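One structure is given below, encoded as structure tokens.
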There are 2 protein chains.
Amino acid sequence: MIDEIDTQILTILQSNARTSNADIARDVGMAPSAVLERVRKLERRGVITGYEARLNPEAIGLGLTAFTFVKTEEPVGATDTGEALSAIPGVMEVHYAAGSAAYLIKVRVSGPKALADLLKEIGRLPTVRDTNSTVVLQTVKETGIMPISRNTAEEA
Amino acid sequence: MIDEIDTQILTILQSNARTSNADIARDVGMAPSAVLERVRKLERRGVITGYEARLNPEAIGLGLTAFTFVKTEEPVGATDTGEALSAIPGVMEVHYAAGSAAYLIKVRVSGPKALADLLKEIGRLPTVRDTNSTVVLQTVKETGIMPISRNTAEEA
DNA sequence: CCTGAAATTCGAGGCTT
DNA sequence: AAGCCTCGAATTTCAGG
């Protein structure tokens with residue numbers, strides 16, 4: 001169960017994972033150690049799965065983002081292709097999609113040349129039939145911060 | 001410029017944004033304060049754009065992920081539709097896509113009913129012509145952690 | 001969930017290049 | 001000037017109540 005205070009803590013940590021316990025404690029009206037205890041519990045329960053520093057992709061030479069549908073001919077339930085795609089550097093997300101028996105992947109690369117190389121690499125996977133890419137021209141919003149609505153959350 | 005030590009620091013902070021400076025210092029062979037100084041500089045230069053706690057979407061009642069192409073009929077260069085989409089709760093990413101004058105958005109909702117509601121809301125935007133959604137059945141990989149290759153990085 | 005002690009943070013100031 | 005180090009007060013975090 002996620003109560004009102006957990007919700008506040010999660011909201012704060014989503015927008016700044018390095019917020020001090022003292023600051024959180026002030027906002028929620030508790031002692032810092034109690035906040036820490038709740039955070040640890042949320043981690044153990046798998047509600048918080050990690051803390052990531054978010055980087056500016058362009059600053060590290062990854063100026064091109066693309067989404068690619070990868071159509072496969074593997075038996076349903078097989079995950080080999082998904083694992084193989086996940087292992088390729090620059091592949092940020094791999095989702096198995098309803099509908100067209102395909103994976104939808106999000107990739108970040110340095111530019112068009114690198115994207116071509118990556119697509120060629122994917123095309124060499126034995127189970128891959130073809131790919132269909134959408135190149136991103138401009139990213140308006142990109143966040144991992146999720147809206148938290150208390151009532152929809154898990155039961156014990 | 002991002003040197004070898006910055007690369008190490010960024011790699012560590014990407015996989016765990018709450019790693020203590022003392023721990024990082026041990027790994028890179030420097031004093032904690034020097035690590036802190038480098039981190040602050042990376043923040044000021046915009047290489048590190050933030051720190052996010054990553055949550056398990058299912059734990060907060062967001063069990064359904066989908067990607068939706070939103071076809072618009074707004075003039076090129078306009079960003080109104082993108083802003084409107086960004087403001088909708090559950091919309092995590094909004095990218096303007098090459099090719100079909102469309103936005104590609106990533107959404108998280110509680111289930112099919114919520115997705116239908118969200119698509120209806122999008123359909124009501126005056127500039128939106130139609131939408132085309134791909135529902136995610138299974139997510140194999142989902143990370144914001146980017147591979148860092150020193151040589152491709154920015155110059156001064 | 002709160003008190004108290006050990007570890008850590010992060011500023012100021014000094015040293016080396 | 002730039003970068004790293006040492007030191008010390010404030011904070012984090014762990015143990016115990």
Side-chain angles (χ1 to χ4, degrees), chain A residues 1-56 58-61 144-145 148-151 153-156, chain B residues 1-56 59-60 144-146 148-156:
Chain A
M1 278 201 329
I2 295 174
D3 65 15
E4 174 60 36
I5 291 179
D6 284 336
T7 302
Q8 287 185 60
I9 292 174
L10 290 173
T11 301
I12 293 168
L13 286 179
Q14 277 196 107
S15 65
N16 181 4
R18 302 203 89 174
T19 308
S20 72
N21 292 326
D23 280 351
I24 299 174
R26 272 184 277 280
D27 282 358
V28 304
M30 285 201 318
S33 56
V35 173
L36 178 63
E37 197 174 335
R38 276 173 176 269
V39 171
R40 292 284 182 259
K41 201 168 288 182
L42 288 165
E43 290 168 354
R44 257 182 275 117
R45 286 166 53 199
V47 178
I48 297 174
T49 58
Y51 304 92
E52 291 184 3
R54 188 163 275 274
L55 306 191
N56 176 1
E58 290 172 12
I60 56 172
I145 300 176
I148 305 175
S149 37
R150 238 130 5 297
N151 42 349
E154 44 161 358
E155 56 259 35
Chain B
M1 278 199 330
I2 295 174
D3 64 15
E4 174 61 38
I5 290 180
D6 284 337
T7 302
Q8 287 185 61
I9 292 174
L10 291 172
T11 301
I12 292 169
L13 286 179
Q14 276 197 109
S15 65
N16 182 3
R18 303 203 88 175
T19 308
S20 73
N21 292 325
D23 279 351
I24 299 173
R26 275 184 275 278
D27 282 359
V28 304
M30 286 201 318
S33 57
V35 172
L36 178 64
E37 197 174 334
R38 277 173 176 267
V39 171
R40 292 283 180 260
K41 201 167 288 186
L42 288 165
E43 290 168 354
R44 256 182 278 115
R45 285 167 51 197
V47 178
I48 297 175
T49 57
Y51 304 92
E52 290 184 1
R54 186 162 277 272
L55 307 190
N56 175 0
I60 56 172
I145 301 175
M146 306 172 195
I148 305 175
S149 36
R150 237 132 358 307
N151 41 349
T152 29
E154 42 160 358
E155 57 260 36

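Because the structure is predicted, anything quoted here is derived from the model rather than measured. Numbered from 1 within each chain, the chains take letters A, B, ... in sequence-line order.
In the set C:dC1, C:dT9, D:dC14, the nucleotide with an atom closest to the side chain of A:Met30 is C:dC1. In this structure, the nucleotide among C:dC1, C:dG11, D:dT13 sitting nearest to the side chain of A:Pro32 is D:dT13.
No salt bridge links A:Glu37 with A:Arg40; every basic N to acidic carboxylate O contact stays at or beyond 4.0 Å.
Look at CD1 on A:Ile9: it is 14 Å from P on D:dT12, rounded to the nearest Å. Atom pair A:Ile24:CD1 and D:dT13:P shows a separation of 9 Å (rounding to whole Å applied). With rounding to whole Å, B:Asp6 atom CG is found 15 Å from D:dA2 atom P. Look at CG on B:Leu36: it is 14 Å from C1' on D:dG3, rounded to the nearest Å. Per the geometry, CZ belonging to A:Arg44 stands 13 Å off C1' belonging to D:dC14, to the nearest Å.
The phosphate of C:dC2 has neither OP1 nor OP2 within less than 4.0 Å of any side-chain N or O from A:Ser33. Between A:Arg40 and D:dC14 there is a side-chain N or O to OP1 or OP2 distance below 4.0 Å. Look at A:Arg38 and you'll find a side-chain N or O under 4.0 angstrom from OP1 or OP2 of C:dC1. One finds a side-chain N or O of B:Lys41 lying less than 4.0 angstrom from the OP1 or OP2 phosphate oxygen of D:dG3. Residue A:Asn21 places at least one side-chain N or O under 4.0 Å from the OP1 or OP2 atom of D:dT13. Proximity of B:Arg26 to the phosphate of C:dT8: a side-chain N or O atom is located under 4.0 Å from OP1 or OP2.
A residue-by-residue look at B:Asp23 and A:Ala34 shows that A:Ala34 has its nearest nucleotide of DNA chain C further toward the 5' end. Of the residues near DNA chain D, B:Ile5 and B:Arg18, the one whose nearest nucleotide (by heavy atom distance) lies more toward the 5' end is B:Ile5.
A distance of 5.5 Å separates CD1 in A:Ile148 from CG in B:Leu55, rounded to the nearest 0.5 Å. Between the CD atom of B:Glu4 and the CD1 atom of B:Ile9 there is a distance of 10.5 Å, given to the nearest 0.5 Å. Taking CD1 of A:Ile2 as the start and CG of A:Leu42 as the end, the distance is 6.5 Å to the nearest 0.5 Å.
Side-chain contact between A:Val35 and A:Gln8 is absent, with no heavy-atom pair separated by less than 4.5 Å.
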